[in-house]
Every structure is written in structure tokens, then in C-alpha cells.
Amino acid sequence: QVQLVESGGGLVQPGGSLRLSCAASASIFSITAMGWYRQAPGKQRELVATITNDDSPNYGDSVKGRFTISRDNAKNTVYLQMNSLKPEDSAVYFCYGHPGGPPEYDYWGQGTQVTVSS
């Protein structure tokens, strides 16, 4: 079973940037899609971005034009570059892996906190 470990979260001012990393314990080339979800207090978990193993990205509407997802198969790592951060981006960000099949086969990291505040 693949383990996912997030890092790079922290406190940043509005308009600032952060880069999140998700390190996998096995080859991510074999995983159909990787990505990021987030959950803020009082809100449901929402899609941030995904990227397929053929390098096709998809973004949630709230982050389009500001966030960029990428993957480095040699390092078994997925990244999320977050620019022009807003207070409403504050949330716990979770790394996600989809190996195919039903949702119960998906992998999830433990999350990393992102706080955008002045």
C-alpha cells in the first residue's frame, strides 16, 4: 500500500506563495492520478487539483490561474505551487492518489496546514 506524506504548509500573507510537496513510498507512475484536496473549518473537503500519469492537469474553479500542480516520477513526488494566496485558501491540504478502481482503493496523506493571514 502506498504511503503519502505532505510537507510545505505554513503561514503566509495574502498575495504570497507556498509550494507543497507530496512524497510517495512507491512509484507514482503506476498511479492513474495524483492530486490535492483541501478542507477548511466548517466546509466540506473540496478538489484543488489533480494530475494524471500522462501529465494532464485539472483544477478546481476557485484556484484556476493561481495554483499549478506538477509531478516528478523519478522522485515519486507531486507538487502544488500556490500563488496569489487568499484568506479563503486557508485549509488543511491533503495529498491524494487514485490507482484506478473504486474510491475505497484511493490513497490519502495526513494533511498539511496552510494559513493565509495578515
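Residues: numbered from 1 along the sequence shown.
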Quick one, [X] and [Y] - any side-chain contact, counting heavy atoms below 4.5 Å?
X	Y	value
P87	P14	yes
R38	L80	no
S27	N73	no
V12	S17	no
S21	V78	no

Same apolar cluster (I L V M F W Y, side chains within < 4.5 Å links), [X]/[Y]:
X	Y	result
I51	Y79	no
V63	Y37	no
V48	V116	yes

Fill in: Atom of Y59, atom of F67 and distance for their closest heavy-atom approach
CE2-O, 3.3 Å
Worksheet item: What's the shortest heavy-atom distance between E6 and Q110, and which atoms?
Response: OE1-N, 3.1 Å
Quick one: pull up [atom1] in [X] and [atom2] in [Y] and give me the separation to the nearest 0.5 Å.
X	Y	atom1	atom2	value
I69	S56	CD1	OG	11.5 Å
T77	L4	OG1	CG	10.5 Å
H98	T50	NE2	OG1	10.0 Å
Y93	S7	OH	OG	15.0 Å
W36	L20	CH2	CG	4.5 Å
T68	M82	OG1	CE	11.0 Å

Worksheet item: Is a side-chain donor-acceptor pair under 3.5 Å present for N53 with T32?
Response: no
Discussion item. Please verify the inter-ring angle class for F94 with W108; under 30° counts as parallel, over 60° as perpendicular, anything in between as tilted.
Written reply: perpendicular
Worksheet entry | Evaluation steps, salt bridge (charged side-chain N to carboxylate O under 4.0 Å, His left out), between D89 and K86 | CA-CA 5 Å; D89 294 318; K86 306 174 181 179; over 6 Å; no
Worksheet item: Judged by atom type as modelled, is there a donor-acceptor pair below 3.5 Å linking the side chain of R71 to the main-chain atoms of A33?
Response: no
Item to complete: Flag yes if more than 12 heavy atoms outside E88 fall under 6.0 Å of its CD atom; otherwise flag no.
Response: yes
